[in-house]
Amino acid sequence: MKQKIKIIVSGGGTGGHIFPAISIANALQNCSDCEILFVGAEGKMEMEKVPAAGYKIVGLPIRGLQRSFSKENLKFFPLLIKSLKQAKAIVKDFQPDAVVGVGGYASGPLLYAAAKLGVPTLIQEQNSYAGITNKILGKKARKICVAYENMHRFFPADKIILTGNPVRKDLMGIARKKQEAMDHFQLNPEKKTILIVGGSLGARTINNSVLNTLSLLADSDVQVIWQTGKFYIDKIREEVKNWTIPNVKVFDFLARMDLAYAAADLVISRAGAGTISELCLVEKPCILVPSPNVSEDHQTKNAMALVNKNAAIMVKDIDAEQNLLATALNLIKDDEHLAQLSASCKALAKPNAADDIAKQIIALI
């Protein structure tokens, strides 16, 4: 009787790492008979989200370095050493055929330990600018799946496979959900709609940019689906009450992102790798506002990868409060420009990324 393939997957810290990791695990289950173990960082989101998706996960005590001076950074190296020892023990105990890193704090010690023990490793680099951990891990990895061109700047060219980033299956074919989306959000299909998103926690700059220019929305005939994040929802709901703008729908969280995308004619968003992959898949014109609070300013580099392909407009975080909403309201009136941005996004989409990555993992074994 043929034994099951055993694979360890690490991905966490944010939804941008967790959900692609789960998508890859699901694709592995579909294409082979395998047993999958997740490794995450204790106390992080993956310790809840992964079991909810039906997979076992074990945690490492690893945490990240603070960018500013903090006493918490003094704990980093002892926890790193402890995590490396635990990662080595996990690999020895589980005896995987391959180990996959999709980002997050736990990926570093796990893939380092696996490579030291001779286990084949694969990295899924989501961003257009590789972080220092993946640059180090890439030297020992067998394969590196990427979402952007020209990644030979960071990794050995013979290891790179352009697969794209995994995205949720419910985002496929959203065009046929347009009427359902209009009904769900109680919108008028005859009017243009802007979707504003800032992630599950929200994006302060994007929220302030809209709040400070609500008069522009009040004077427009544009509809808005505005996902504020849980930290900002109460303040924004109070502010919106002071205006007669029934065309603005405010939510702390959007459970049906497929319908939100289906309703939108234009999207305003941060420039995380996962979000950009979704925007390309759903073929939505977008204005990207890269977060300045990320390592190596990788969101700006992600955004510029689209801007350089005429697939997005970028507004810098520092300019957003002055220019963002005005830029959006001007763009949404320009049907020709919207169509050009949409077509360019479509050309960059990689709808089969999870399946393609799964095939690369199986090929390692």
Side-chain angles (χ1 to χ4, degrees), residues 67-68 128-129 191-252 254 260 264-272 275-276 279 284-338 340-342 344-345:
R67 281 187 288 277
S68 57
S128 63
Y129 191 94
K191 295 182 178 181
K192 294 283 185 68
T193 301
I194 299 175
L195 169 63
I196 303 171
V197 289
S200 58
L201 300 180
R204 182 175 60 187
T205 298
I206 292 177
N207 286 336
N208 287 343
S209 301
V210 181
L211 274 180
N212 295 341
T213 49
L214 280 175
S215 59
L216 295 178
L217 286 178
D219 293 338
S220 78
D221 199 32
V222 172
Q223 303 171 126
V224 174
I225 302 169
W226 184 2
Q227 184 254 309
T228 66
K230 62 182 181 181
F231 292 141
Y232 305 97
I233 186 65
D234 293 335
K235 174 189 174 183
I236 289 172
R237 277 183 174 150
E238 284 300 313
E239 291 279 351
V240 169
K241 283 179 184 176
N242 298 325
W243 296 83
T244 306
I245 42 175
N247 54 326
V248 177
K249 314 287 184 178
V250 180
F251 305 88
D252 59 340
L254 291 169
D265 298 288
L266 173 66
V267 180
I268 295 173
S269 174
R270 287 301 199 191
T275 298
I276 285 181
L279 290 168
K284 290 297 174 178
C286 57
I287 299 175
L288 300 173
V289 186
S291 171
N293 306 312
V294 294
S295 59
E296 284 112 5
D297 194 27
H298 67 255
Q299 285 205 8
T300 295
K301 297 175 176 73
N302 290 347
M304 287 306 301
L306 265 67
V307 171
N308 291 337
K309 297 280 189 178
N310 297 314
I313 303 293
M314 186 178 82
V315 173
K316 292 181 180 179
D317 190 88
I318 197 170
D319 299 327
E321 292 194 27
Q322 186 73 29
N323 300 330
L324 179 59
L325 197 54
T327 300
L329 291 173
N330 284 330
L331 177 57
I332 204 164
K333 292 184 285 189
D334 189 342
D335 289 337
E336 185 177 346
H337 197 178
L338 290 174
Q340 177 258 309
L341 289 169
S342 178
S344 298
C345 273

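Here the side chains of Ile313 and Val307 are not in contact, with every heavy-atom distance at 4.5 Å or above. When side chains are defined from C-beta on, Asp234 does not count as touching Ile236, because their heavy atoms never get closer than 4.5 Å.
Checked against side-chain hydrogen bond (donor to acceptor under 3.5 Å, both in side chains), Asp335 has the following partners two or more places apart in sequence or in another chain: Lys192.
Taking all atoms of both residues into account, the shortest heavy-atom contact from Arg204 to Tyr232 is CB-OH, 3.2 Å. The two residues Leu288 and Ala312 have their closest heavy-atom pair at CD1-CB, 3.9 Å. Contact between Ser291 and Gln299 at its shortest, heavy atoms only, is N-OE1, 2.9 Å. Residue Tyr129 comes nearest to Asn302 through the heavy atom pair N-OD1, 4.5 Å, listed as atom of the first residue, atom of the second, then distance. In plain terms, the two heavy atoms of Ala311 and Cys345 that are nearest each other are O-SG, 3.3 Å. Listed here is the closest heavy atom pair of Val197 and Ile206: O-CD1, 3.8 Å.
Checking side-chain atoms of Thr275 against main-chain N and O of Ala271 turns up no donor-acceptor pair under 3.5 Å. No side-chain donor-acceptor contact under 3.5 Å links Arg270 to the backbone of Gly198. Side-chain N or O atoms of Ser342 include none that pairs as donor or acceptor with a backbone N or O of Leu338 at under 3.5 Å. With hydrogens and angles disregarded, a donor-acceptor distance shorter than 3.5 Å links the side chain of Ser209 to the backbone of Glu321.
None of Asp319, Leu329, Val289 except one satisfies the side-chain contact (heavy atoms from CB on, under 4.5 Å) rule with Leu324; the exception is Val289.
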